[in-house]
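As structure tokens, the structure follows; a few thoughts come after it.
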Amino acid sequence: MLEVKDLVVYYGKALALEKVSLLVKENEFVALVGPNGAGKTTLLNTISGLLTPAAGEILWNNSKINGIKPSEIVRLGISQCPEGRKLAPEMTVRENLEMGAFVRKDKKKIAEDLEKTFQLFPRLKERHLQLAGTLSGGERQMVAIARSLMSRPRLLMLDEPSLGLAPIIKEKIFEVIREINSTGTTVLLVEQDTQMAFQFADRAYVLETGNIVMHDKPEHLLGQSEFRKAYLGL
Amino acid sequence: MVKRNKLFAVAMVLFLLVGTLGCSSQSQSGSGDSKDNPKQPYKIGLLIPMSGDAGDHGQIMIDGAKIAQEEINAAGGILGRQVELIPFDSAANTEKGVTGAKKLIEQDKVDALVGTYRTGVALAVMDVAADAKIPFLISMAASDEIRNKIGKDNSYYKYVFKVAPDVADYTANLLPFLTDITKAKTYYYAAENTAWAKQLGSVMKKQAEAAGIKLVGEAYVDTSATEFTATIMDIKKANPDVVVCGIITAPGVPFAKQYYDAKVPVPMVVTSGVLTIPNTIKNMGAQSDYISFGLFNIDKPITDLTVPFWEKFQEKYGYRGTGFNEVKTYDSIRILAEAINKAGSFDKDALAKTLETEQFKGLAGTYKFDETDHQAKWGEGYVNGVLAEWKDGKAQVIWPENVRDSALIRAPWWK
Amino acid sequence: MAFIQLVISGVLQGGLYALIALGLTLTLGVMRITDLSYGVYYTLGAYFSFFFIIKLGFNFVLAGILSVVLAFLIGLLVERLLLRRIISDELSVMILTFAFAYALEEIIVFVWGSPFRTLPPYAIGTLNIGGILLEKQRLVSFAVAVVLIVLVLLFLKKTRFGKALRMVSQQQHGAYLVGIDVQLIQRLTFAVGSFLAASAAVLLSPIYLVYPAMGWSPLLKAFGIVILGGMGSVKGTIIAAFALALIEVLSSYYINQSLSQVSFFVVLILVILIRPSGLFGNREGV
């Protein structure tokens with residue numbers, strides 16, 4: 001479905017991704033782990049069209065999509081739930097969710113999806129007229145995920161969805177992500193909490209200083225001692 | 001980085017372009033030495049604002065100057081030499097004025113300088129002219145600082161003469177409105193918060209008090225003000241016999257409109273500036289009615305030159321003069337030519353002597369310069385002003401009586 | 001009585017200040033640029049309506065509409081041809097917009113000449129309500145300004161484009177990710193800003209004076225208002241605009257007429273000292 005081949009990206013003058021290749025198959029749940037500053041966010045932003053790669057290519061269902069505008073990427077069915085939520089603080093919860101469906105024109109179906117979203121996150125329904133800036137961290141994360149679903153993506157890329165959240169809420173968020181995946185949306189998850197991510201992922205990539213250093217099934221990675229030492233502190 | 005530098009360069013080029021656009025269009029002549037050779041033209045450098053906040057005034061000065069040039073040349077020139085005008089855009093800015101004076105003197109080799117609209121520019125250019133021993137006739141800048149400076153060292157400023165009216169002349173021009181026309185006992189001074197308007201205010205107060213007229217209130221509004229409810233309410237409260245208006249730039253128009261709409265029952269007289277310009281009045285409709293104003297000149301037989309000049313001006317340029325900028329520029333050039341012709345030589349000391357002792361006819365009356373401070377004298381028998389009133393978009397002369405169109409036309413709501 | 005008259009005059013003036021500042025605050029929020037050429041669209045609006053009314057004899061409604069539409073189109077062009085390439089470089093934007101404002105002033109002098117112009121009022125006379133004087137022209141201009149402001153607010157609140165504009169203003173990164181064409185929104189916002197500046201000029205030119213440098217003073221006031229209101233906050237901008245007008249008129253009557261501008265900037269400095277982000281700048285965005 002999504003194939004990244006030998007991607008080279010500069011962030012300003014600094015080399016952020018050296019030669020990254022990655023594959024996400026239909027309906028898969030893929031985790032991307034690695035230390036801070038490894039280039040995980042850069043990779044997602046490049047796929048989303050916010051950054052232009054210096055070399056390499058991004059293929060979406062076998063056609064090249066690098067160099068395409070971010071709005072077109074969303075239209076193709078790739079949605080990103082960014083790190084730090086990136087909500088509009090002075091807009092209501094409902095408005096933020098509606099913005100998620102910006103690329104869609106089918107008003108009726110958008111309204112239906114909004115209802116579905118509220119079923120998924122009942123808490124947001126209660127607060128749909130509240131300004132996003134006044135929500136708690138967990139609620140904001142829910143809005144962010146819900147918003148990224150409103151474009152009806154085929155691939156959902158989540159960047160650190162559990163960052164800064166209390167354990168209970170964290171678990172809830174992951175439950176939701178699993179549910180999203182199980183209803184047919186492919187997931188590419190960037191996560192610091194490797195243990196948590198590996199509970200759900202079909203496959204995982206390890207990115208270190210701009211390079212994919214390992215990729216395998218989670219259970220295989222967990223079997224390697226150097227991986228355990230580096231990422232689980234065991 | 002490269003891209004950024006390029007853009008920076010583009011921006012700087014644009015800047016320079018803007019700067020040069022202001023002045024490039026004006027230099028009309030090549031260089032060349034003009035000694036006292038009769039074949040060489042007599043070059044007069046005109047330092048006038050063509051851009052900046054006084055940029056409005058430059059063109060009319062040139063238009064006035066050109067008529068003087070044509071007349072002098074048609075009458076045989078200055079001792080046989082044709083007059084050539086070299087304008088420079090001083091942008092009413094001291095720095096540009098000095099640069100311009102230097103450029104005109106050193107590069108264009110002008111024989112004399114005429115101009116400057118602002119006092120600050122005049123004060124700086126005076127020194128440049130005095131150093132180079134170039135005659136400089138100050139045509140418009142008014143402050144008494146100029147004549148004081150000349151008076152203190154008139155051997156150094158031997159060749160600098162002030163054709164422009166003095167501050168005291170601006171207010172003396174308005175005084176008959178209070179003393180003769182309205183027989184006012186009190187007045188209110190509404191003006192801009194500028195050094196010039198304040199200076200006018202204090203001179204006005206002295207002259208009015210000497211005539212037994214009391215100042216009952218004053219307001220100095222910001223030059224960017226557009227709303228004058230407070231001023232008008234204060235005027236109503238002070239209840240003067242006359243309002244003297246010293247708002248001479250942009251806020252003059254909204255002030256006059258609001259003053260009219262509020263039907264303030266007090267006649268208003270305006271010193272020079274935006275409300276005395278026909279172009280401004282043209283589309284104001286009834287809101288310009290009943291505004292009286294002082295003028296330094298108008299198309300009335302003030303001297304035998306006056307009416308023909310105004311007619312020629314209208315015919316040649318298709319618009320009406322304002323009575324100041326074009327008149328003073330014309331008069332300055334004419335005085336210069338007449339003085340050299342009278343002196344009978346291009347000798348600068350002979351010119352200075354003639355300017356100090358003789359009288360010269362201009363559009364605004366007879367010019368007689370003070371021997372010490374070189375200020376053209378004001379009053380009956382010398383240079384004198386006119387008072388007019390706007391009615392239906394036309395300036396009706398209301399003073400002096402020998403040339404007036406009518407008596408003061410009273411607004412129905414005046415007390 | 002004096003106080004009521006002053007407050008009413010201040011409110012009438014405030015509506016027009018709000019209209020002028022609204023465009024600037026939208027541009028600032030959405031584009032994150034310091035646009036020093038904003039006053040140019042005000043000047044152009046005034047000259048266009050002068051041209052259509054006086055030179056071509058159009059009625060003022062048609063002239064006004066044509067003027068603001070032209071300003072809108074010029075805004076689109078300027079954004080595309082001048083700003084787009086340098087939008088991320090704050091210094092270049094400031095230099096370029098400043099140079100552009102001056103260049104355009106020269107062009108106006110070239111096309112229309114430098115003399116002062118005036119326009120006749122399209123509502124003549126004064127209402128006297130129990131001793132309170134209301135100039136009809138100012139009333140009409142105020143009413144139209146309020147209608148325009150309300151339309152802009154509704155547009156921001158209700159329309160797809162308006163919401164996208166707010167999103168770009170509040171959260172640009174997020175706007176990209178939901179698929180908003182941020183550059184398009186920026187271009188249109190810039191044009192809307194030009195439109196608003198020009199419409200303020202259309203409403204004010206029958207009251208004020210038309211001349212090439214007329215745009216600088218409203219630019220300065222608009223910046224003061226936007227800073228006081230909290231950069232990019234629409235609500236803050238509108239409140240600050242009325243505050244400015246009231247401060248001007250009240251301080252000039254009760255304190256000193258020459259202090260009307262000074263008083264506002266004193267208030268501005270005090271507010272900035274106490275709340276560096278302005279009155280409503282606690283959260284970012286429109």
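The basis for the numbers below is simple: all heavy atoms, side chains too, and nothing from hydrogens, waters or symmetry mates. Below, chains carry the letters A, B, ... as their sequence lines are ordered, and counting in each starts from 1.
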Kindly compute the distance separating [atom1] ([X]) from [atom2] ([Y]), expressed to the nearest 0.5 Å.
X      : Y      : atom1 : atom2 : value
B/D261 : C/K136 : CG    : NZ    : 9.5 Å
B/Y260 : C/I124 : OH    : CD1   : 8.5 Å
C/L6   : B/T229 : CG    : OG1   : 6.5 Å

Contacting moiety of [X], where chain B heavy atoms sit under 4.5 Å:
X      : result
C/Y211 : side chain
C/Q13  : side chain
C/V249 : both
C/L119 : backbone
C/A213 : neither

Does [X] reach the side chain of [Y], with side-chain heavy atoms less than 4.5 Å apart?
X      : Y      : value
C/L204 : B/T226 : no
C/P120 : B/M284 : no
C/L209 : B/V274 : yes
B/N279 : C/R117 : yes
C/F50  : B/N283 : yes

Checklist entry - Listed by chain and number, what are the salt bridge (charged side-chain N to carboxylate O under 4.0 Å, His left out) partners of B/K282, not counting sequence neighbours? => result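 Once residues adjacent in sequence are excluded, B/K282 has no partner under the salt bridge (charged side-chain N to carboxylate O under 4.0 Å, His left out) criterion.
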Checklist entry - Under the salt bridge (charged side-chain N to carboxylate O under 4.0 Å, His left out) test, which residues partner C/E135, sequence neighbours left out? => result C/R138
Can you confirm whether [X] is buried at [atom1], in the sense that more than 12 heavy atoms of other residues, nucleotides or ligands lie under 6.0 Å from that atom?
X      : atom1 : result
B/Q314 : CD    : yes
C/R80  : CZ    : no
C/F110 : CZ    : no
B/K394 : NZ    : no
C/K55  : NZ    : no
B/K236 : NZ    : yes

Next on the checklist: C/S263: which residues meet the side-chain hydrogen bond (donor to acceptor under 3.5 Å, both in side chains) condition with it, sequence neighbours left out?
Outcome noted: C/S251
Next on the checklist: What verdict does the side-chain contact (heavy atoms from CB on, under 4.5 Å) test give for C/E248 and B/E227, after you've listed the backbone C-alpha separation in whole Å, the side-chain angles of each residue and the deciding distance to 0.1 Å?
Outcome noted: CA-CA 9 Å; C/E248 277 183 0; B/E227 217 292 333; 5.5 Å; no
Next on the checklist: Checking the side chain of C/T118 only, and the main-chain atoms of B/T280 only, is there a donor and an acceptor separated by less than 3.5 Å?
Outcome noted: yes
Distance-minimising heavy-atom pair for [X] and [Y]:
X      : Y      : result
C/Q257 : B/A230 : NE2-O, 4.1 Å
C/Y208 : B/K257 : O-NZ, 3.9 Å
C/I207 : B/V253 : O-CG1, 4.1 Å

Item to check | Pick from C/P212, C/S252, C/S258 with the largest number of heavy-atom pairs that fall under 4.5 Å of chain B | outcome: C/S258
Shorter than 4.5 Å, heavy atoms on both sides: which option in [options] has the most such pairs with chain C?
options                       : result
B/Q59, B/Q287, B/E218, B/E192 : B/Q287
B/I60, B/I232, B/D234, B/T223 : B/D234
B/A250, B/G285, B/G58, B/A256 : B/A250

Next on the checklist: For B/K198, which atoms come within 4.5 Å of any heavy atom of chain C: side chain, backbone, both, or neither?
Outcome noted: neither
Next on the checklist: For B/K263, which atoms come within 4.5 Å of any heavy atom of chain C: side chain, backbone, both, or neither?
Outcome noted: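 The answer is neither part of B/K263.
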Next on the checklist: Quick check on the structure: residues of residues 214-223 of chain C within a heavy-atom distance below 4.5 Å of chain B, by number.
Outcome noted: C/S217, C/K221
